[in-house]
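One structure is given below, encoded as C-alpha coordinates.
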2 protein chains.
Amino acid sequence: METTEMDQIRSRLEDHGYRLTPQRMRIVEAVLAEEDKHLSADDIYTILRENHPEIGIATVYRTLEILRELGIVNQLTFEEGVSRYEYSAREHHHHLVCLKCGKVIEFSNDELERLEQKLARKYDFQIVGHHLKLYGYCSLCQ
Amino acid sequence: METTEMDQIRSRLEDHGYRLTPQRMRIVEAVLAEEDKHLSADDIYTILRENHPEIGIATVYRTLEILRELGIVNQLTFEEGVSRYEYSAREHHHHLVCLKCGKVIEFSNDELERLEQKLARKYDFQIVGHHLKLYGYCSLCQ
DNA sequence: TTCCTTATTGATAACGATTCTCAATTTCAT
DNA sequence: ATGAAATTGAGAATCGTTATCAATAAGGAA
Ligand SMILES: [Mn+2]
Ligand SMILES: [Mn+2]
Ligand SMILES: [Zn+2]
Ligand SMILES: [Zn+2]
(Lines give C-alpha, C1' and ligand atoms only; values in the text may rest on other atoms or scores of the structure.)
(Ligands and ions follow the chains in the order given, each with its own letter.)
Protein backbone atom coordinates (compact mmCIF):
# COMPACT_ATOMS: atom_id res chain seq x y z
CA MET A 1 0.00 0.00 0.00
CA GLU A 2 1.22 3.47 -0.77
CA THR A 3 1.89 6.09 1.79
CA THR A 4 0.05 9.30 1.02
CA GLU A 5 1.08 12.73 2.18
CA MET A 6 -1.85 12.68 4.59
CA ASP A 7 -0.64 9.37 6.07
CA GLN A 8 2.79 10.83 6.66
CA ILE A 9 1.32 13.88 8.29
CA ARG A 10 -0.91 11.68 10.48
CA SER A 11 2.15 9.74 11.71
CA ARG A 12 4.02 12.90 12.29
CA LEU A 13 1.20 14.28 14.42
CA GLU A 14 0.65 11.07 16.36
CA ASP A 15 4.36 10.70 17.05
CA HIS A 16 4.05 13.98 18.90
CA GLY A 17 0.87 13.10 20.79
CA TYR A 18 -1.44 14.99 18.47
CA ARG A 19 -4.51 13.52 16.78
CA LEU A 20 -5.42 13.98 13.15
CA THR A 21 -8.98 15.11 13.73
CA PRO A 22 -11.44 15.76 10.88
CA GLN A 23 -10.93 19.48 11.35
CA ARG A 24 -7.17 19.17 11.12
CA MET A 25 -7.51 16.99 8.06
CA ARG A 26 -9.64 19.60 6.31
CA ILE A 27 -7.06 22.26 7.10
CA VAL A 28 -4.18 20.14 5.84
CA GLU A 29 -6.16 19.39 2.68
CA ALA A 30 -6.64 23.07 2.06
CA VAL A 31 -2.92 23.72 2.43
CA LEU A 32 -2.04 20.83 0.12
CA ALA A 33 -4.64 21.81 -2.47
CA GLU A 34 -3.14 25.28 -2.82
CA GLU A 35 0.46 24.15 -2.58
CA ASP A 36 2.00 27.05 -4.44
CA LYS A 37 -0.19 29.68 -2.81
CA HIS A 38 0.64 31.37 0.45
CA LEU A 39 -2.53 31.14 2.47
CA SER A 40 -3.27 33.07 5.63
CA ALA A 41 -5.26 31.58 8.51
CA ASP A 42 -8.21 33.61 7.37
CA ASP A 43 -7.83 32.46 3.75
CA ILE A 44 -8.07 28.88 4.96
CA TYR A 45 -10.98 29.68 7.24
CA THR A 46 -12.83 31.24 4.32
CA ILE A 47 -12.14 28.28 2.04
CA LEU A 48 -13.33 25.78 4.63
CA ARG A 49 -16.40 27.78 5.41
CA GLU A 50 -18.06 26.70 2.17
CA ASN A 51 -18.18 23.01 2.96
CA HIS A 52 -17.45 22.98 6.66
CA PRO A 53 -19.02 26.04 8.26
CA GLU A 54 -18.74 24.44 11.69
CA ILE A 55 -14.95 24.81 11.87
CA GLY A 56 -13.89 27.73 14.03
CA ILE A 57 -11.14 30.19 13.23
CA ALA A 58 -9.40 29.35 16.52
CA THR A 59 -8.99 25.77 15.33
CA VAL A 60 -7.41 26.99 12.14
CA TYR A 61 -4.88 29.03 14.09
CA ARG A 62 -4.22 26.19 16.53
CA THR A 63 -3.69 23.69 13.74
CA LEU A 64 -1.36 25.93 11.76
CA GLU A 65 0.71 26.44 14.89
CA ILE A 66 1.08 22.68 15.33
CA LEU A 67 1.90 22.16 11.65
CA ARG A 68 4.52 24.83 11.91
CA GLU A 69 5.96 23.32 15.10
CA LEU A 70 6.30 19.98 13.32
CA GLY A 71 7.82 21.55 10.24
CA ILE A 72 4.94 20.52 8.02
CA VAL A 73 4.33 24.09 6.93
CA ASN A 74 6.54 27.14 6.74
CA GLN A 75 5.24 30.31 8.25
CA LEU A 76 6.15 33.43 6.35
CA THR A 77 5.19 37.04 6.08
CA PHE A 78 5.24 39.49 3.22
CA GLU A 79 5.07 42.47 5.58
CA GLU A 80 1.35 42.97 5.43
CA GLY A 81 0.87 42.13 9.08
CA VAL A 82 -0.46 38.64 8.37
CA SER A 83 1.22 35.27 8.64
CA ARG A 84 1.08 33.10 5.56
CA TYR A 85 1.75 29.40 5.29
CA GLU A 86 3.07 27.06 2.63
CA TYR A 87 3.52 23.31 2.55
CA SER A 88 7.14 22.72 3.44
CA ALA A 89 7.75 19.52 1.43
CA ARG A 90 8.60 21.49 -1.67
CA GLU A 91 11.84 22.59 -3.20
CA HIS A 92 13.43 25.23 -1.01
CA HIS A 93 12.82 28.60 -2.58
CA HIS A 94 12.67 32.34 -2.12
CA HIS A 95 10.21 35.09 -3.00
CA LEU A 96 9.94 38.08 -5.23
CA VAL A 97 7.10 40.29 -3.99
CA CYS A 98 5.25 43.10 -5.77
CA LEU A 99 4.81 46.03 -3.40
CA LYS A 100 1.76 47.26 -5.28
CA CYS A 101 -0.44 44.24 -5.97
CA GLY A 102 1.13 41.67 -3.67
CA LYS A 103 1.94 39.22 -6.45
CA VAL A 104 4.54 36.66 -5.35
CA ILE A 105 6.98 34.88 -7.63
CA GLU A 106 9.04 31.99 -6.33
CA PHE A 107 12.62 31.31 -7.33
CA SER A 108 15.49 29.12 -6.22
CA ASN A 109 19.12 29.85 -5.54
CA ASP A 110 21.70 27.30 -4.48
CA GLU A 111 24.49 29.69 -3.59
CA LEU A 112 22.83 30.67 -0.36
CA GLU A 113 23.48 27.28 1.20
CA ARG A 114 27.19 27.93 0.92
CA LEU A 115 26.82 31.38 2.42
CA GLU A 116 24.88 29.83 5.28
CA GLN A 117 27.77 27.54 6.17
CA LYS A 118 30.29 30.30 5.92
CA LEU A 119 28.35 32.48 8.34
CA ALA A 120 27.67 29.58 10.69
CA ARG A 121 31.41 29.13 11.11
CA LYS A 122 32.19 32.81 11.31
CA TYR A 123 29.64 33.66 14.00
CA ASP A 124 29.36 30.29 15.74
CA PHE A 125 25.67 30.10 14.91
CA GLN A 126 23.72 26.92 14.38
CA ILE A 127 21.71 27.98 11.36
CA VAL A 128 18.41 26.25 10.75
CA GLY A 129 17.09 28.20 7.81
CA HIS A 130 17.14 31.30 5.72
CA HIS A 131 14.87 33.33 3.56
CA LEU A 132 15.60 35.84 0.87
CA LYS A 133 12.91 38.26 -0.15
CA LEU A 134 13.15 40.70 -3.03
CA TYR A 135 10.77 43.63 -3.24
CA GLY A 136 9.73 45.57 -6.26
CA TYR A 137 7.05 46.12 -8.85
CA CYS A 138 5.77 43.48 -11.22
CA SER A 139 5.42 44.04 -14.96
CA LEU A 140 1.83 45.21 -14.55
CA CYS A 141 2.43 47.54 -11.63
CA GLN A 142 5.66 49.34 -12.46
CA MET B 1 29.21 75.35 7.84
CA GLU B 2 28.91 71.62 7.97
CA THR B 3 25.78 69.75 7.15
CA THR B 4 24.78 67.41 9.92
CA GLU B 5 22.63 64.35 9.54
CA MET B 6 19.83 66.20 11.25
CA ASP B 7 20.10 69.06 8.75
CA GLN B 8 19.81 66.63 5.89
CA ILE B 9 16.81 65.00 7.46
CA ARG B 10 15.21 68.38 8.05
CA SER B 11 15.59 69.27 4.35
CA ARG B 12 14.27 65.93 3.35
CA LEU B 13 11.18 66.42 5.48
CA GLU B 14 10.60 70.01 4.39
CA ASP B 15 10.99 69.09 0.73
CA HIS B 16 7.99 66.88 1.26
CA GLY B 17 5.93 69.40 3.18
CA TYR B 18 6.71 67.98 6.61
CA ARG B 19 8.06 69.96 9.53
CA LEU B 20 10.88 68.87 11.75
CA THR B 21 9.09 69.41 15.05
CA PRO B 22 10.78 68.98 18.43
CA GLN B 23 9.03 65.63 18.84
CA ARG B 24 10.24 64.41 15.48
CA MET B 25 13.72 65.57 16.26
CA ARG B 26 13.74 63.61 19.52
CA ILE B 27 12.61 60.50 17.67
CA VAL B 28 15.24 60.88 14.96
CA GLU B 29 17.86 61.40 17.65
CA ALA B 30 16.87 58.17 19.33
CA VAL B 31 17.15 56.28 16.06
CA LEU B 32 20.56 57.82 15.30
CA ALA B 33 21.84 57.22 18.82
CA GLU B 34 21.14 53.51 18.57
CA GLU B 35 22.24 53.19 14.95
CA ASP B 36 23.10 49.52 15.04
CA LYS B 37 20.12 48.51 17.13
CA HIS B 38 16.75 47.63 15.70
CA LEU B 39 14.30 49.64 17.75
CA SER B 40 10.55 49.12 17.81
CA ALA B 41 8.12 52.02 18.13
CA ASP B 42 7.63 51.04 21.72
CA ASP B 43 11.38 50.88 22.38
CA ILE B 44 11.66 54.46 21.17
CA TYR B 45 8.64 55.53 23.17
CA THR B 46 10.19 54.04 26.30
CA ILE B 47 13.53 55.72 25.68
CA LEU B 48 11.94 59.13 25.11
CA ARG B 49 9.73 58.76 28.13
CA GLU B 50 12.64 59.44 30.47
CA ASN B 51 13.37 62.94 29.29
CA HIS B 52 10.27 63.73 27.30
CA PRO B 53 7.28 62.12 28.98
CA GLU B 54 4.92 64.40 27.06
CA ILE B 55 5.52 62.67 23.70
CA GLY B 56 2.69 60.34 22.78
CA ILE B 57 3.08 56.88 21.31
CA ALA B 58 0.91 57.90 18.35
CA THR B 59 3.46 60.53 17.41
CA VAL B 60 6.20 57.92 17.49
CA TYR B 61 4.25 55.72 15.09
CA ARG B 62 3.37 58.63 12.84
CA THR B 63 6.94 59.85 12.69
CA LEU B 64 8.37 56.42 11.94
CA GLU B 65 5.88 56.06 9.11
CA ILE B 66 7.06 59.36 7.59
CA LEU B 67 10.72 58.45 8.02
CA ARG B 68 10.04 55.15 6.31
CA GLU B 69 8.16 56.83 3.48
CA LEU B 70 11.11 59.14 2.89
CA GLY B 71 13.59 56.30 3.06
CA ILE B 72 15.30 57.66 6.15
CA VAL B 73 14.71 54.47 8.08
CA ASN B 74 14.22 50.88 7.01
CA GLN B 75 11.31 49.01 8.50
CA LEU B 76 12.00 45.38 9.24
CA THR B 77 10.60 42.51 11.18
CA PHE B 78 12.18 39.53 12.84
CA GLU B 79 8.90 37.65 12.95
CA GLU B 80 7.94 38.60 16.47
CA GLY B 81 4.92 40.55 15.33
CA VAL B 82 6.59 43.93 15.83
CA SER B 83 8.08 46.31 13.31
CA ARG B 84 11.62 47.41 13.95
CA TYR B 85 13.48 50.33 12.43
CA GLU B 86 17.07 51.12 11.57
CA TYR B 87 18.73 54.21 10.16
CA SER B 88 19.02 53.59 6.44
CA ALA B 89 22.19 55.57 5.73
CA ARG B 90 24.38 52.63 6.61
CA GLU B 91 26.07 49.97 4.57
CA HIS B 92 23.45 47.68 3.11
CA HIS B 93 23.40 44.51 5.16
CA HIS B 94 21.47 41.41 6.16
CA HIS B 95 20.62 39.72 9.44
CA LEU B 96 21.36 36.57 11.32
CA VAL B 97 18.72 36.07 14.02
CA CYS B 98 18.77 33.82 17.09
CA LEU B 99 15.43 32.09 17.44
CA LYS B 100 15.89 31.68 21.17
CA CYS B 101 17.15 34.99 22.54
CA GLY B 102 16.49 37.28 19.61
CA LYS B 103 20.11 38.32 19.19
CA VAL B 104 20.75 39.86 15.78
CA ILE B 105 24.06 39.83 13.91
CA GLU B 106 24.52 41.94 10.81
CA PHE B 107 26.51 40.88 7.80
CA SER B 108 27.06 42.00 4.22
CA ASN B 109 27.02 40.15 0.95
CA ASP B 110 27.70 41.67 -2.45
CA GLU B 111 26.62 38.73 -4.58
CA LEU B 112 22.96 39.45 -3.98
CA GLU B 113 23.05 42.60 -6.07
CA ARG B 114 23.92 40.52 -9.10
CA LEU B 115 21.17 38.04 -8.34
CA GLU B 116 18.77 40.94 -8.08
CA GLN B 117 19.56 42.09 -11.60
CA LYS B 118 19.29 38.60 -12.98
CA LEU B 119 15.82 38.13 -11.52
CA ALA B 120 14.70 41.59 -12.58
CA ARG B 121 15.38 40.63 -16.19
CA LYS B 122 13.95 37.16 -15.93
CA TYR B 123 10.63 38.16 -14.37
CA ASP B 124 10.34 41.71 -15.70
CA PHE B 125 10.28 43.09 -12.17
CA GLN B 126 11.52 46.49 -11.14
CA ILE B 127 13.32 45.50 -7.97
CA VAL B 128 13.75 48.14 -5.30
CA GLY B 129 15.29 46.12 -2.50
CA HIS B 130 15.95 42.80 -0.95
CA HIS B 131 16.57 41.29 2.42
CA LEU B 132 18.15 38.04 3.45
CA LYS B 133 17.48 36.68 6.90
CA LEU B 134 19.16 33.64 8.39
CA TYR B 135 17.63 31.92 11.39
CA GLY B 136 19.32 29.77 13.96
CA TYR B 137 20.76 29.62 17.43
CA CYS B 138 23.60 31.77 18.68
CA SER B 139 26.61 30.36 20.50
CA LEU B 140 24.95 30.83 23.88
CA CYS B 141 21.58 29.37 22.95
CA GLN B 142 22.38 26.34 20.84
C1' DT C 1 4.36 91.49 16.05
C1' DT C 2 -0.50 89.89 14.56
C1' DC C 3 -3.40 87.11 11.85
C1' DC C 4 -4.54 83.16 9.33
C1' DT C 5 -4.09 78.79 7.33
C1' DT C 6 -2.28 74.37 7.75
C1' DA C 7 0.35 70.88 10.09
C1' DT C 8 0.96 68.47 14.20
C1' DT C 9 0.00 66.85 18.59
C1' DG C 10 -1.70 63.73 22.68
C1' DA C 11 -5.40 61.11 24.34
C1' DT C 12 -8.19 57.74 23.41
C1' DA C 13 -11.21 54.91 20.63
C1' DA C 14 -11.13 51.59 17.04
C1' DC C 15 -9.12 48.04 14.44
C1' DG C 16 -7.37 43.52 12.88
C1' DA C 17 -4.72 39.54 13.69
C1' DT C 18 -3.85 36.33 17.01
C1' DT C 19 -4.21 34.00 21.50
C1' DC C 20 -6.63 32.67 25.61
C1' DT C 21 -10.47 30.72 28.39
C1' DC C 22 -13.76 27.47 29.25
C1' DA C 23 -17.49 24.41 29.06
C1' DA C 24 -18.98 20.89 25.84
C1' DT C 25 -17.66 17.25 22.75
C1' DT C 26 -14.72 13.82 20.74
C1' DT C 27 -11.14 10.55 20.73
C1' DC C 28 -8.75 6.49 21.98
C1' DA C 29 -6.97 3.04 24.91
C1' DT C 30 -8.73 0.19 28.21
C1' DA D 1 -18.99 0.81 27.46
C1' DT D 2 -15.92 3.79 30.46
C1' DG D 3 -12.84 7.36 31.74
C1' DA D 4 -8.84 10.19 31.08
C1' DA D 5 -6.95 13.24 27.94
C1' DA D 6 -7.20 15.89 23.77
C1' DT D 7 -9.80 18.90 21.00
C1' DT D 8 -13.31 21.86 19.78
C1' DG D 9 -16.18 26.41 18.88
C1' DA D 10 -17.59 30.68 20.79
C1' DG D 11 -16.38 34.55 22.47
C1' DA D 12 -13.42 37.39 25.45
C1' DA D 13 -8.92 39.22 25.80
C1' DT D 14 -4.51 40.86 24.09
C1' DC D 15 -1.39 43.43 21.48
C1' DG D 16 0.54 46.24 17.91
C1' DT D 17 -0.99 49.66 15.12
C1' DT D 18 -4.10 53.16 12.99
C1' DA D 19 -7.92 56.51 13.01
C1' DT D 20 -10.46 60.32 15.16
C1' DC D 21 -10.74 64.74 17.03
C1' DA D 22 -10.30 68.82 19.58
C1' DA D 23 -6.43 71.60 21.13
C1' DT D 24 -1.94 73.51 20.07
C1' DA D 25 2.07 74.91 17.39
C1' DA D 26 4.36 76.47 13.25
C1' DG D 27 5.31 79.44 9.51
C1' DG D 28 4.21 82.82 6.04
C1' DA D 29 1.80 87.20 4.81
C1' DA D 30 0.57 91.60 6.22
MN1 LIG E 1 6.61 30.08 -1.55
MN1 LIG F 1 20.44 45.92 10.73
ZN1 LIG G 1 2.14 44.00 -9.05
ZN1 LIG H 1 20.61 33.29 21.28
Side-chain angles (χ1 to χ4, degrees), chain A residues 6 9-30 38-70 72-73 75-85 102, chain B residues 6 9-30 38-70 72-73 75-85 102:
Chain A
M6 193 60 80
I9 291 172
R10 159 171 275 122
S11 313
R12 196 70 185 276
L13 284 167
E14 292 178 347
D15 286 352
H16 289 262
Y18 295 120
R19 296 168 182 169
L20 182 54
T21 64
Q23 290 92 332
R24 287 176 181 167
M25 211 179 297
R26 300 292 87 74
I27 292 165
V28 169
E29 281 166 2
H38 303 92
L39 302 177
S40 66
D42 199 66
D43 288 342
I44 294 171
Y45 179 61
T46 303
I47 291 171
L48 296 185
R49 220 163 208 207
E50 272 184 63
N51 300 305
H52 306 280
E54 71 283 359
I55 296 182
I57 184 89
T59 297
V60 176
Y61 276 105
R62 281 187 292 238
T63 300
L64 288 170
E65 163 57 19
I66 292 170
L67 296 176
R68 187 200 57 72
E69 178 200 341
L70 303 186
I72 294 165
V73 299
Q75 180 178 28
L76 22 116
T77 165
F78 298 122
E79 345 280 277
E80 339 128 274
V82 209
S83 282
R84 298 190 167 275
Y85 300 84
Chain B
M6 193 61 80
I9 291 172
R10 159 171 274 123
S11 312
R12 197 69 184 275
L13 285 167
E14 292 178 348
D15 285 352
H16 290 262
Y18 296 119
R19 297 167 182 170
L20 181 54
T21 64
Q23 290 92 333
R24 286 177 182 165
M25 211 179 297
R26 300 293 88 72
I27 293 166
V28 169
E29 281 166 2
H38 303 92
L39 302 178
S40 66
D42 198 66
D43 289 342
I44 294 170
Y45 179 60
T46 303
I47 291 171
L48 295 185
R49 227 175 202 193
E50 273 183 62
N51 300 306
H52 307 278
E54 72 284 358
I55 295 183
I57 183 88
T59 298
V60 176
Y61 276 105
R62 282 187 291 237
T63 300
L64 288 170
E65 163 57 18
I66 291 170
L67 296 176
R68 187 201 57 72
E69 177 199 343
L70 302 187
I72 294 165
V73 299
Q75 180 178 29
L76 21 116
T77 165
F78 299 121
E79 346 279 279
E80 339 127 274
V82 209
S83 283
R84 297 190 167 275
Y85 300 84

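Numbered from 1 within each chain, the chains take letters A, B, ... in sequence-line order. Basis for what follows: all heavy atoms, side chains included, without hydrogens, waters or symmetry-related copies.
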Q) Does S40(A) have a side-chain nitrogen or oxygen under 4.0 Å from the phosphate oxygens OP1 or OP2 of dA17(C)? A)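 Looking at the OP1 and OP2 atoms of dA17(C), neither is under 4.0 Å from any side-chain N or O of S40(A).
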Q. Should Y61(B) be listed as having a side-chain N or O under 4.0 Å from OP1 or OP2 of dT18(D)?
A.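 Indeed not, no polar side-chain atom of Y61(B) lies that close.
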Q) Below 4.5 Å, heavy atoms only, C-beta onward: do L70(B) and I9(B) meet side chain to side chain? A) no
Q | Shortest side-chain distance from R19(B), nucleotide among dA25(D), dG16(D), dT18(C) | A | dA25(D)
Q | Closest nucleotide among dA17(C), dT8(D), dG16(D) to the R24(A) side chain | A |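 Of dA17(C), dT8(D), dG16(D), dT8(D) is nearest to the side chain of R24(A).
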Just checking [X]: base, sugar-phosphate only, or nothing, at a heavy-atom cut-off of under 4.0 Å?
X      : answer
S83(A) : sugar-phosphate
Q23(A) : sugar-phosphate
I55(B) : sugar-phosphate
E65(B) : nothing

Q: Determine the minimum heavy-atom distance between R12(A) and H16(A), stating which atoms define it.
A: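 Heavy-atom minimum between the residues: O-CD2, 3.0 Å.
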Q: Round to a whole Å and report the spacing from NE2 of H52(B) to C1' of dG10(C).
A: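 From H52(B) NE2 to dG10(C) C1': 16 Å.
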Q. How bent is the helix from dT1(C)-dA30(D) to dT30(C)-dA1(D), comparing axes over its five end pairs at each side, to the nearest 10°?
A.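 Roughly 30° between the end axes, to the nearest 10°.
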